K.L.:
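Dropping a structure here in structure tokens format, bear with me for questions.
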Amino acid sequence: MGDDVFGEDPTVNALEMEAARRLGKEAALFVASGTMGNLVALLTHCEAGDEVLVGDQAHIFQREVGAAARVAGLMISTLPNESDGGFDPERVRRMVRGSDLHEPRTRLLTLENTHNYLGGAVLSVARTRALTAVAREMGLRIHLDGARIFNAALAVDASAAELAASCDSVGFCLSKGLAAPVGSLLCGEAPFIERARKHRKMLGGGMRQAGVLAAAGLVALREMVSRLAADHANARRLAWGLAELGLPVDVERIQTNIVVVPVPGGDGRAFQRALAERGVLATVISGGRARFVTHYGIEGQDVDEALSRVEAVLPERLVKDVAE
């Protein structure tokens, strides 16, 4: 064991080296969570008062407690997310501000891959390059929230490094499909990561003897990436089953391990509670939708059992209509 704040923990160092190599970047930084990684990236790329362009359905905008504004002092401006989680490139171009004295400096474009709120949608390598090319042309830096980037890579038959190649920084989670108990990595050029290390410390993320956590992260990278295909297959199995129960699921759009469905009647909280009472856990997201995620430890028979319990909470009218 060693003190990671001083770069002395060998397991943390090994994890950061492995993460950087897999993402095709010079260096990496072990952080407590994806939210912390995103905030550290924003703090490192930008100065207080800068403008950051994000998707209107982005995790950074929707689910990170307004930290970009509260902690980093940044102005967030949103772009409408398209179905794959990307944006209209020309809209990106139009959003970038000029040098008017009265306006903030547009500094950073953020992308998300896979896209949480859009049901695990994947940005392809070509789509990512097209968006980052516009950002570069307009003088912006690019951060990729790649919480589930290994799921994305599998879905489009590319490497995580290829998906992140045109971005200045990328963060990914060890605690999603890779099944580690805690932790994320922020990757980028060595000088960027050196600056990011100081911001991590400022946020209270210097975890000292963190090797016990990093060891799980090494297992996640070395042993869990290869099994993600099972999660994707189970998500499609779940989507087909939900569609057969009458829920409006576009099965062909299920690319990874997330299934998002509109809730009958629109009361997501009631639907969530009814499922939880039967041992099925789902997350409620905006617009009266429920999110189901498949992951390590869930097998095909578990999906089938979950479907039977979902059926039990659906309105009788819906079940009857499907039966007829």
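Model, not experiment: these values are computed from the prediction.
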K.L.:
Less than 4.5 Å apart, side chain to side chain, heavy atoms only: is that true for Arg70 and Val65?
P.N.:
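SC-SC contact between Arg70 and Val65 ruled out.
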
K.L.:
Between the main-chain N or O of Thr106 and the side-chain N or O of Asp50, is there a donor-acceptor pair closer than 3.5 Å?
P.N.:
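The answer is no, because no donor-acceptor pair under 3.5 Å joins these two groups.
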
K.L.:
Without hydrogens or angle criteria, can the side chains of His115 and Asp84 be said to hold a donor-acceptor pair below 3.5 Å?
P.N.:
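No, no side-chain donor-acceptor pair sits under 3.5 Å.
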
K.L.:
Is it the case that the side chains of Arg63 and Asn116 hold a donor-acceptor pair, with the cut-off being a distance below 3.5 Å and no angle test?
P.N.:
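Arg63 and Asn116 do not have a side-chain donor-acceptor pair below 3.5 Å.
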
K.L.:
Nearest heavy-atom pair of Leu108 and Leu42: which atoms, and what distance?
P.N.:
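That closest heavy-atom pairing would be CD2-CD1, 3.9 Å.
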
K.L.:
For atom CD of Glu137, decide whether the heavy atoms of other residues, nucleotides or ligands shown that lie under 6.0 angstrom number more than 12.
P.N.:
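Yes, CD of Glu137 has more than 12 neighbouring heavy atoms, counting only those of other groups under 6.0 Å.
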
K.L.:
So which atom in Leu74 and which in Gly49 form the shortest heavy-atom distance, rounded to 0.1 Å?
P.N.:
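The pair with the smallest heavy-atom distance is CD2-N, 4.4 Å.
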
K.L.:
Once side chain to side chain contact (heavy atoms under 4.5 Å, CB included) is applied, do any residues pair with Ala165, and if so which ones, sequence neighbours excluded?
P.N.:
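With neighbours one apart ignored, the set is empty.
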
K.L.:
For Gln57, is there any backbone N or O sitting under 3.5 Å from a side-chain donor or acceptor partner on Asn81?
P.N.:
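Here the side-chain-to-backbone pair exists.
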
K.L.:
Any chance you could lay out the side chain to side chain donor-acceptor pair (under 3.5 Å) test for Glu64 and Asn38, step after step, and finish with the verdict?
P.N.:
CA-CA 9 Å; Glu64 298 187 4; Asn38 283 336; 2.9 Å; yes

K.L.:
Taking the side chain as C-beta and beyond, is there a heavy-atom pair between Leu140 and Val96 under 4.5 Å?
P.N.:
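Result yes, sub-4.5 Å side-chain heavy-atom pair found.
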
K.L.:
With a 4.5 Å heavy-atom cut-off, do Leu247 and Pro264 have their side chains touching?
P.N.:
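In short, these two side chains touch, coming nearer than 4.5 Å.
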
K.L.:
Does Asp4 come within less than 4.0 Å of Arg200, counting only side-chain N to carboxylate O?
P.N.:
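The answer is yes: the pair qualifies as a salt bridge.
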
K.L.:
Is Arg309 salt-bridged to Glu305, cutoff N-O under 4.0 Å?
P.N.:
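A salt bridge links Arg309 with Glu305.
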
K.L.:
So do Asp56 and Leu79 actually touch side chain to side chain, heavy atoms under 4.5 Å?
P.N.:
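Sidechains of Asp56 and Leu79: no contact.
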
K.L.:
Would a distance-only check, ignoring hydrogens and angles, find a side-chain to backbone donor-acceptor pair under 3.5 Å from Arg278 to Ala274?
P.N.:
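Flag set: sc Arg278 to bb Ala274 pair under 3.5 Å.
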
K.L.:
Any carboxylate oxygen within less than 4.0 angstrom of a Lys/Arg side-chain nitrogen, looking at Asp3 and Arg208?
P.N.:
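Result for this pair is yes, salt bridge flagged.
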
K.L.:
Is the closest basic N to carboxylate O distance between Glu51 and Arg105 below 4.0 Å?
P.N.:
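Salt bridge absent between Glu51 and Arg105.
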
K.L.:
Please check: side-chain N/O of Arg236 versus main-chain N/O of Ile254, any donor-acceptor pairing under 3.5 Å?
P.N.:
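Yes; judged by distance alone, with no hydrogens or angles, the pair exists.
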
K.L.:
Against Glu16, only a single residue in Arg22, Arg197, Arg21 fulfils salt bridge (charged side-chain N to carboxylate O under 4.0 Å, His left out); can you say which?
P.N.:
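Single pass found, and it is Arg197.
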
K.L.:
Could you check whether any side-chain heavy atom of Phe271 comes within less than 4.5 Å of a side-chain heavy atom of Val284, counting everything from C-beta outward?
P.N.:
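They are not in side-chain contact.
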
K.L.:
Could you check whether Arg127 pairs with Glu82 (Lys NZ or Arg NE/NH1/NH2 to Asp/Glu carboxylate O, under 4.0 Å)?
P.N.:
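Salt bridge between Arg127 and Glu82, a charged N being under 4.0 Å from a carboxylate O: yes.
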
K.L.:
May I ask you to say whether Arg136 pairs ionically with Asp168, meaning some side-chain N is under 4.0 Å from a carboxylate O?
P.N.:
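Yes.
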
K.L.:
Does this structure show an ion pair linking Glu277 with Arg273, if we count only N-O contacts that are shorter than 4.0 Å?
P.N.:
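So Glu277 does not pair with Arg273 through a salt bridge.
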
K.L.:
With a 4.5 Å limit on heavy-atom distance, are the side chains of Val122 and Thr256 in contact?
P.N.:
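The answer is yes; the side chains approach within 4.5 Å.
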
K.L.:
Considering all heavy atoms of both residues, which atom of Ser166 and which atom of Ile142 are nearest to each other, and what is their separation?
P.N.:
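Nearest heavy atoms, Ser166 then Ile142: O-CD1, 4.1 Å.
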
K.L.:
Taking C-beta and beyond as the side chain, do Leu186 and His143 meet within less than 4.5 Å on heavy atoms?
P.N.:
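Yes, at least one pair of side-chain atoms sits under 4.5 Å.
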
K.L.:
Closest approach of Ser169 and His45, non-hydrogen atoms and distance?
P.N.:
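Answer, listing the atom of Ser169 first, then His45: OG-NE2, 2.8 Å.
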
K.L.:
Counting only N and O atoms by type, is there a donor-acceptor contact under 3.5 Å from the side chain of Gln272 to the main-chain atoms of Ala282?
P.N.:
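Yes, Gln272 side chain to Ala282 backbone: donor-acceptor pair under 3.5 Å.
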
K.L.:
If you take all heavy atoms of Ala152 and Asn113, which pair is closest and at what distance?
P.N.:
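Distance-wise, the nearest heavy atoms are CB-OD1, 3.6 Å.
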
K.L.:
Any chance the side chains of His199 and Thr44 put a donor and an acceptor closer than 3.5 Å?
P.N.:
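On atom types as modelled, these side chains qualify, holding a pair under 3.5 Å.
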
K.L.:
Which pairs of donor and acceptor atoms, one on a side chain in residues 221-229, lie under 3.5 Å apart (sequence neighbours left out)?
P.N.:
{"residue": "Arg227", "atom": "NH1", "partner": "Asp231", "partner atom": "OD2", "Å": "3.0"}
{"residue": "Arg227", "atom": "NH2", "partner": "Asp231", "partner atom": "OD1", "Å": "2.6"}

K.L.:
Taking the side chain as every heavy atom from C-beta outward, state whether Thr128 and Leu111 have any pair of such atoms under 4.5 Å apart.
P.N.:
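Thr128 vs Leu111: side chains touch.
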
K.L.:
Just list the side-chain donor-acceptor pairs under 3.5 Å for residues 23-35, sequence neighbours left out, or say none.
P.N.:
{"residue": "Lys25", "atom": "NZ", "partner": "Ala164", "partner atom": "O", "Å": "2.9"}
{"residue": "Lys25", "atom": "NZ", "partner": "Cys167", "partner atom": "O", "Å": "2.6"}
{"residue": "Glu26", "atom": "OE1", "partner": "Ala190", "partner atom": "N", "Å": "2.8"}
{"residue": "Ser33", "atom": "OG", "partner": "Met36", "partner atom": "N", "Å": "3.1"}

K.L.:
Say whether, by atom type as modelled, one donor and one acceptor occur between the side chain of Glu112 and the main chain of His59 under 3.5 angstrom.
P.N.:
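Yes, the answer is positive, given that a donor and an acceptor are paired below the 3.5 Å cut-off.
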
K.L.:
Can you check whether Thr294's main-chain N or O pairs, donor with acceptor, with Asn257's side chain at less than 3.5 Å?
P.N.:
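Yes: the side chain of Asn257 pairs with the backbone of Thr294.
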
K.L.:
Which atoms form the tightest heavy-atom contact between Cys187 and Phe172, and what is the distance?
P.N.:
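Answer, listing the atom of Cys187 first, then Phe172: SG-CE2, 4.0 Å.
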
K.L.:
Are any of the side-chain nitrogens in Glu47 or Arg107 under 4.0 Å away from the carboxylate oxygens of its partner?
P.N.:
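No.
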
